[in-house]
Amino acid sequence: MPSSDEAQVKTSPPLAEREVRNWDAEEDVIVVGFGAAGACAAIAAGEAGASVRVIERGWRGGGASAESTAQLYLGGGTPLQKACGFEDDPDEMHKYLVASCGPGADEAKIRVYSDRSVDHYHWLTGHGLYFEPSFVPYEVSTHPGPGQGLSFTGSERAHPYRDIAKPAPRGHTVLKDGVMSGEFMMQNLMQGAADAGAVIQADTDAERLVVDGEGEVVGVVARVRGERQLLRARRGVVITTGGFAHNEEMLRRYAPALTGHPAPIGPPTGDDGSGIRMGMGAGGAAIRMDAGCITLGFAYGHRDNIRGILVNAQGQRYVNEDVYQTNHGQIALMEQKGQVYLIVDDEIFKPPQDQSGELVPQEFEIAAVAETPEALEAELGMPPHSLTHTLATYNEFAAKGEDPYFHKEALWLQPLQNPPLAAIDLRVGHTYYALFTLGGLHTRPGGEVMDVEGEAVPGLYAAGRTASGIPAQGYNSGLSLGDGTFSGRMAGDSAAARSR
Ligand SMILES: Cc1cc2nc3c(=O)[nH]c(=O)nc-3n(C[C@H](O)[C@H](O)[C@H](O)COP(=O)(O)OP(=O)(O)OC[C@H]3O[C@@H](n4cnc5c(N)ncnc54)[C@H](O)[C@@H]3O)c2cc1C
């Protein structure tokens, strides 16, 4: 008898079709999960003429997508970029994404995504999403304020990316009454699925896939209020059940660096890895399972704090402070074991503020305050002369507008010489690190799930966070929904076009 922890990790073996006596329902395409990826798969398959059934374990769907801040990473010259006065093209977008989503970024997916991003913008707006033509007028933006549709949501202007690709803002935010709204985005996409003719079956938990004697996926075993249902898919099954951030045992096995302190985000009813395990059970390969989007909550709290310096437990700088907050989470946790501090002086430090200038109650801890670098270093338990040396070197070059070691943009360079000095505690356990997983089923750009040999598992598709998509070991805000809506669309199209 496996323990419940083992049960959370074991792949879900499929049911053999020969054991099915009667199917309870039958459609061309079955979509499992009704978040952004599932809704877009259902819209695409339905509009392509397939009959579609969406099964969703919640009472209506929405998933993490409905709880999100609704930023979508789009570019290549979208109407919103143009309306806000920015030039962009698919090649620059491709270069940036390959550089920032690696190592291990899926170049083929990034190519298709960059080339078709403008088309995807039109597809999304054609299904009710609206992007306000206004740009966040701040140097580094994490959360746009009311009425702001376009923002930088990555490290496009920071070293080394600014020298790799021409920077352009690509964070497109869905707003409802001026406020970013995943709920509004999902209301539109779920309505779009219904309008495309999809049957939406809520309160239905998918448990296993059904495969025929050739290994082809032909249906789903589901549980509806305790009763088993067998649902046949004539053309294909698209799995879009999210990732596995809420499955502690899967995290321990596949992504040990992500266990412990980072807090999984998204509704606890989802992201349990069930779709990934079903796909693996049917022969699908899972890749990049150790990858996650790790956001350091108090990245800065206020953009002026970028003028401070980030140091590790040895008092050394380790990154240019002007990279994006998801890069900070990744680097701090994976490369510095989550043992980092932001050092500021009295002139630089600003209390947390949102983009419209309002002070926000953001919890953070001060690890130490001191009049001199020596005293701060001692209070933090760092090796003697470590932070002192780091600060002296940084200050010497910052005074000349230079950062020869990490190349922070000159705009953010200011010597830290106005005591007291303070160390904001960004160690795991002392500030908020948020997590969702990025690893999943190995898919082609069209959503076909591949086995370990790189062959398609016939009849099986995956999208959104159930699949390993565009973000791999690096993340920019908006990529999960951008990639999720696009990959859902591709998978829905592919499944609908398939004939047995
Ligand atoms: C607070 C917050 C803010 C965020 N902001 C952004 C942002 O601005 N931009 C961005 O790109 N990303 C953002 N993210 C991340 C992003 O929202 C998710 O990664 C993305 O929505 C995942 O989409 P999905 O369709 O793959 O999964 P989901 O939206 O989670 O949908 C999966 C659905 O499958 C259902 N399901 C799960 N298992 C089963 C099963 N076995 N049977 C049937 N149904 C099942 C779930 O109930 C759920 O409805 C944010 C996340 C959070 C929590």
Side-chain angles (χ1 to χ4, degrees), residues 12 30-42 53-74 142-144 151 153-154 170-175 180-183 185-186 189-190 200-209 220-224 229 231 237-247 263-279 292-293 295 297 326 432 434-438 440-441 462-471 475-489 491:
S12 308
I30 293 183
V31 177
V32 185
F34 203 26
C40 292
R53 180 174 297 254
V54 181
I55 59 173
E56 160 60 45
R57 71 153 59 122
W59 65 274
R60 64 139 204 186
S65 309
E67 292 194 356
S68 76
T69 39
Q71 290 178 316
L72 287 89
Y73 196 93
L74 300 165
T142 51
H143 290 119
S151 54
T153 57
R170 302 194 180 98
H172 291 55
T173 304
V174 178
L175 301 166
M180 51 217 308
S181 175
E183 173 61 30
M185 173 186 73
M186 282 312 299
L189 295 177
M190 292 193 290
I200 315 298
Q201 186 176 326
D203 293 321
T204 304
D205 208 348
E207 291 184 340
R208 303 161 72 180
L209 297 169
V220 177
V221 181
R223 184 80 40 195
V224 188
Q229 262 194 7
L231 306 169
V237 174
V238 185
I239 309 185
T240 64
T241 51
F244 61 97
H246 285 294
N247 187 324
I265 54 171
T269 48
D271 287 333
D272 66 353
S274 56
I276 296 173
R277 282 180 283 133
M278 277 185 266
C293 167
T295 305
T326 50
Y432 181 64
L435 166 75
F436 61 87
T437 56
L438 297 173
L441 295 171
R465 296 289 57 84
T466 303
S468 170
I470 287 174
Y475 187 79
N476 299 275
S477 280
L479 266 184
S480 189
L481 290 172
D483 172 60
T485 53
F486 187 72
S487 63
R489 206 184 137 195

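One-based numbering, in listed order, for ligands and for the atoms of each. What you see is a predicted model, and the numbers here were worked out from it, not measured in a lab.
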**Fill in**
When every non-hydrogen atom of Gly33 is compared with those of Thr240, the smallest separation belongs to O-OG1, 3.0 Å
**Fill in**
Heavy-atom proximity to atom 32 (C) of ligand 1, picking from Thr240, Val31, Thr69, points to Thr240
**Asked** For Asp272 and ligand 1, does the shortest N/O to N/O distance drop below 3.5 Å?
**Response** no
**Prompt:** Does an N or O anywhere in Arg465 fall below 3.5 Å from an N or O of ligand 1?
**Reply:** yes
**Asked** Is Ala206 in polar range of ligand 1, meaning some N or O pair under 3.5 Å apart?
**Response** yes
**Request:** Show which atoms of ligand 1 fall inside a sub-4.0 Å distance from at least one heavy-atom site of Gly62.
**Result:** 29 (O)
**Request:** Specify the closest pair of heavy atoms between Gly182 and Ala70, including all atoms of both residues, with the distance to one decimal.
**Result:** N-CB, 3.6 Å
**Request:** May I ask you to check if ligand 1 and Gly58 share an N or O to N or O distance below 3.5 Å?
**Result:** no
**Prompt:** For ligand 1, is there an N or O atom under 3.5 Å from any N or O atom of Ser68?
**Reply:** no
**Message:** Please check: side-chain N/O of Asp272 versus main-chain N/O of Asn247, any donor-acceptor pairing under 3.5 Å?
**Reply:** no
**Complete:** The option among Ser274, Ser65, Gly440 carrying the non-hydrogen atom nearest to atom 23 (O) of ligand 1 is Ser65
**Request:** Classify the contact between Thr204 and ligand 1 as side chain, backbone, both or neither, using a heavy-atom distance cut-off of under 4.0 Å.
**Result:** backbone
**Prompt:** Quick check: does Ser477 get an N/O under 3.5 Å from an N/O on ligand 1?
**Reply:** no
**Prompt:** Does some non-hydrogen atom of Gly484 fall short of 4.0 Å from ligand 1?
**Reply:** no
